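First the structure, in the form of structure tokens, and then the observations on it.
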Amino acid sequence: MSDKQKNFQVEKPGITVKKQEDFSEWYTQVVLKAELADYSSGKGFIVIRPNGYEIWENVKNFFDAEIKKTGHRNAYFPTLIPESLLKKEAEHFAGFVPEVFWVTKAGNNELSEPFAVRPTSETIIHDAMKRWIRSWRDLPLLLNVWNSVLRAEIKSTKPFIRTTEFLWQEGHTAHSSEQEAEKEVSEILDLYKRVAEELLAVPVLIGKKSDKEKFVGAVYTTTLESIMPDGRALQMGTSHHLGQNFSRPFEIRFLGEDGEMHYVWHTSWGISWRTLGALIMTHGDDKGLILPPTVAPVQLVIVPIVFSESSKANEVLSKCQEIKSQLQSSGFRVSLDSRENYTPGWKFNEWEMKGIPLRIEVGPRDISNKSVILVRRDSGKKESVPLEGLSQAVLTLLEEIQRSLWEKAKKLLEDKTKNASTFSELSEILDRDSGFVSTYWCGSRECEDQIKDKTGADIRVIPFGQPSDMSGLNCVLCNSKAKFFVYFAKAY
RNA sequence: GGGGUCGUGGUGUAGCUUGGUCAACAUACUUGCCUUGGGCGCAAGUGAUCGUCGGUCCGAAUCCGACCGACCCCA
């Protein structure tokens, strides 16, 4: 068949490529066709549609509730940051300036001082903290912000994964001791790990970033890294120890219990809608999206099977309504698809593409059996379940789906993680399978840069819990004494 | 940073080489009938200044230039 003839073939409205065969195209189609997001005007800008936004809301609600338990409070800070503030921490400024948008005009008038559109809010928040912190009794100051930030992406944007503007939360805390700040950094990282693994069912590696990859202005950065089916790593969130790198230029000091003035210790941390990209890539299949029940805006969809000639249409529909209310009162997020202009088959395909974890089919046959058909999105497995005890059966199935997605993703991570002891091994694995490659590194920036140049991979994470004895182990590139056990990968 | 592909109703495309008679096909959408346990069918309709701006020409979706945007590969 020629290409021209092919173009005239009727295309079904579902996903037209296989995940295995054309991963990028598959991803784009899932995002657009499941109506998670759409492109907008302007480079790298996207619209998050309700199907996508509600997933984000579920992530947000979980995280928000958890940080409030530990005393964090939400606040809001301006979108625009005066240039002079952004410049206060030199390294931070230098790191961000290539991707900052500037506002230079107000109406027709040139501004005397340009405003940066926030790429992150450390500077404007620290500027305020300076006014709020007087004594050790004002600490810790635990703030969180839900907002969007803008970073000019020169090349290769991808919905959710890399966009010009993105939604996230940024936490900013000030502490009276370094130890307390470091504890905060680590507790937040643990919470992020729970978001990734418990909510999104995406397993992660955690640890520190190398100095090259750390947040500009931080003492160190801790990170969560996941691996996608195409073998590329995706950073799911970061938690930074800022030390006194900001409190000194911003002069944020407090009078301690000891009667002396001290600079505060800062942390900052963020997790963005990028995690939704990881969710899509990790769990989806050739039919489209698969949502973990924990974050699915709709966990179950009820599809009535109605025959007009059977004159049982009303009976079926009212039974569906009844089941819907029953499941809703049990706390499930349920939708009833009673559209008359689509056939059941059409609806099955549509809801599968949109990733709804569980489908309930109710037809005349089921009503006379006092049962319904439950169909799992992840496995496609169908079973007939008695109406009596339906809620319990649904709960069990949703939990099984969540667990099964998790286990599959866990296996993906294991399959995509390999070990290399020589550079040629490292290079070969990265060429062939990509994925995480664990190996040893001397700690020098030069080796790190060279490996990046030669393979395209960088150090994604220096895991916590380094081997206690590295004697006899050598750097994968320069062969000098190893200092760190690390994971390399090509990254999004 | 380097290279490449692409932009035509909501969606997917044809037409472009050789400028006019070319804006077409499928699908979606609307209305009516009919159907409904895995993407039903029939009929009649709606819908496009051919990405934007400029140039060449009697005449531009088609040729030229710039810009905007999307995608892919490599680093």
Side-chain angles (χ1 to χ4, degrees), chain A residues 1-17 21-35 37-47 49 98-99 152-159 161-164 230-232 286-288 301-314 316-317 319-320 337-354 359-369 371-377 380-384 427 430-431 434 449-458 490-492:
Chain A
M1 186 190 309
S2 78
D3 279 354
K4 276 190 184 178
Q5 283 170 316
K6 222 189 243 172
N7 290 334
F8 280 106
Q9 294 299 301
V10 175
E11 221 175 55
K12 287 192 174 174
I15 309 300
T16 59
V17 295
E21 287 167 11
D22 190 348
F23 187 68
S24 281
E25 171 67 17
W26 173 87
Y27 177 78
T28 306
Q29 284 196 14
V30 171
V31 167
L32 296 177
K33 293 186 176 182
E35 297 175 356
D38 197 3
Y39 294 102
S40 187
S41 302
K43 182 172 171 49
F45 284 99
I46 59 171
V47 181
R49 304 180 66 177
E99 48 191 29
E153 293 294 343
I154 312 301
K155 285 202 82 162
S156 74
T157 60
K158 201 183 242 333
I161 302 295
R162 171 162 289 131
T163 50
T164 302
D230 64 348
R232 291 168 80 182
D286 290 346
K287 289 179 167 179
V301 62
I302 303 171
V303 179
I305 312 295
V306 179
F307 293 88
S308 56
E309 74 268 21
S310 75
S311 78
K312 288 187 171 172
N314 287 337
V316 168
L317 279 172
K319 184 48 95 179
C320 287
D337 187 353
S338 55
R339 291 176 297 177
E340 288 171 3
N341 52 337
Y342 290 98
T343 61
W346 178 277
K347 293 174 183 178
F348 298 165
N349 283 288
E350 181 178 347
W351 294 114
E352 279 165 1
M353 186 173 72
K354 290 184 173 172
R359 178 174 82 235
I360 305 187
E361 300 174 21
V362 183
R365 216 151 64 202
D366 308 295
I367 291 178
S368 47
N369 293 340
S371 65
V372 295
I373 305 284
L374 293 185
V375 187
R376 287 172 63 155
R377 170 62 180 91
K381 209 178 128 216
K382 284 190 185 195
E383 58 181 299
S384 182
S427 173
L430 287 169
D431 265 1
S434 208
D449 284 342
Q450 274 194 40
I451 293 171
K452 170 81 176 173
D453 274 356
K454 289 176 178 169
T455 66
D458 43 38
K490 296 178 186 173
Y492 272 102

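Proteins get letters first, then strands, A, B, ... in listed order; numbering begins at 1 in each. Since we're looking at a predicted model, the values are computed, not measured. For the numbers below, each heavy atom of this structure counts, side chains included, while hydrogens, waters and symmetry mates do not.
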key: Distance in angstrom units between A:Gln29 CD and B:A70 P, rounded   = 18 Å
query = Heavy atoms under 4.0 Å, any strand shown: does A:Arg339 hit a base, just sugar-phosphate, or nothing?
reply = nothing
inquiry  = Counting the atoms with a prime plus P, OP1 and OP2 as sugar-phosphate, which does A:Gly456 contact under 4.0 Å by heavy atoms, base, sugar-phosphate, or nothing?
reply    = nothing
Length of the CZ-P vector between A:Arg162 and B:C72, whole Å = 13 Å
key: Interatomic distance, A:Glu383 CD vs B:G37 C1' [rounded to whole Å]   = 17 Å
request  = Please check the phosphate of B:G39 (OP1 and OP2 only) for any side-chain N or O of A:Thr343 closer than 4.0 Å.
outcome  = no
key: Interatomic distance, A:Ile46 CD1 vs B:A70 P [rounded to whole Å]   = 11 Å
note = By nearest-nucleotide position on RNA chain B, the 5'-leaning member of A:Thr28 and A:Ile367 is A:Ile367
message = Base, sugar-phosphate or nothing for A:Asp366? Non-hydrogen atoms, less than 4.0 Å.
response = base
query = Can a cation-pi geometry be assigned to A:Arg359 and A:Phe348, taking NZ or CZ under 6.0 Å from the six-membered ring centre and within 45° of the ring axis?
reply = yes
Base paired to B:A66 (Watson-Crick or G-U; both N/O distances under 3.5 angstrom) = B:U52
inquiry  = Please report the distance, rounded to the nearest Å, between NZ in A:Lys158 and C1' in B:G69.
reply    = 16 Å
key: Gap between atoms CD and C1', on A:Glu340 and B:U31 respectively (whole Å)   = 15 Å
message = Heavy-atom nearest nucleotide on RNA chain B for A:Gly44 versus A:Val362: which residue maps closer to 5'?
response = A:Val362
message = Looking at A:Lys43, is its backbone amide N or carbonyl O close enough to the side chain of A:Thr164 to form a donor-acceptor pair, meaning the two atoms are under 3.5 Å apart?
response = yes
ask   = To the nearest Å, how far apart are A:Glu350 CD and B:G39 C1'?
value = 10 Å
request  = Please measure how far the P atom in B:G3 lies from the corresponding atom in B:G47, and state the result in whole Å.
outcome  = 45 Å
request  = Indicate whether the side chain of A:Asn349 and that of A:Tyr342 have a donor and an acceptor atom separated by less than 3.5 Å.
outcome  = no
query = Taking only N and O in the side chain of A:Thr157, is any of them less than 4.0 Å away from OP1 or OP2 of B:G69?
reply = no
task = Could you work out the separation of B:A48 and B:G10 based on their P atoms and round it to a whole Å?
result = 7 Å
key: B:G7 and B:C16, which share atom name P, separated by this distance in whole Å   = 13 Å
query = Within less than 4.0 Å of OP1 or OP2 of B:A70, is there a side-chain N or O belonging to A:Lys43?
reply = yes
ask   = side chain to side chain contact (heavy atoms under 4.5 Å, CB included) with A:Val372: which of A:Val362, A:Ile302, A:Ile367?
value = A:Val362
remark   = Partner of B:U13 under the Watson-Crick or G-U wobble criteria, both distances under 3.5 Å, comes out as B:A24
request  = For A:Arg232 and A:Lys490, indicate whether the former's side chain and the latter's backbone hold a donor-acceptor pair under 3.5 Å.
outcome  = no
message = Closer than 3.5 angstrom, by distance alone: can the side chain of A:Lys347 be matched with the main-chain N or O of A:Arg339 as a donor-acceptor pair?
response = yes
inquiry  = Taking only the P atom of each, what is the distance from B:C57 to B:G69 in whole angstrom?
reply    = 31 Å
query = Given the P atoms of B:U35 and B:U46, what is the spacing between them in whole Å?
reply = 28 Å
query = With rounding to whole Å, what would you report as the distance between B:C71 and B:A66 at their P atoms?
reply = 23 Å
ask   = For B:C29, does either OP1 or OP2 sit under 4.0 Å from a side-chain N or O belonging to A:Tyr342?
value = yes
task = For nucleotides B:G51 and B:A24, find the distance between their P atoms and express it as a whole number of Å.
result = 16 Å
query = What does A:Lys382 touch in the nucleic acid at a heavy-atom separation under 4.0 angstrom: a base, only the sugar-phosphate, or nothing?
reply = base
query = How long is the line joining CH2 of A:Trp351 and C1' of B:G39, in whole Å?
reply = 15 Å
message = Checking the side chain of A:Gln29 only, and the main-chain atoms of A:Thr16 only, is there a donor and an acceptor separated by less than 3.5 Å?
response = yes
inquiry  = Partner lookup for B:C71, please. Criteria are Watson-Crick or G-U wobble with both distances under 3.5 angstrom; report none if nothing qualifies.
reply    = B:G4
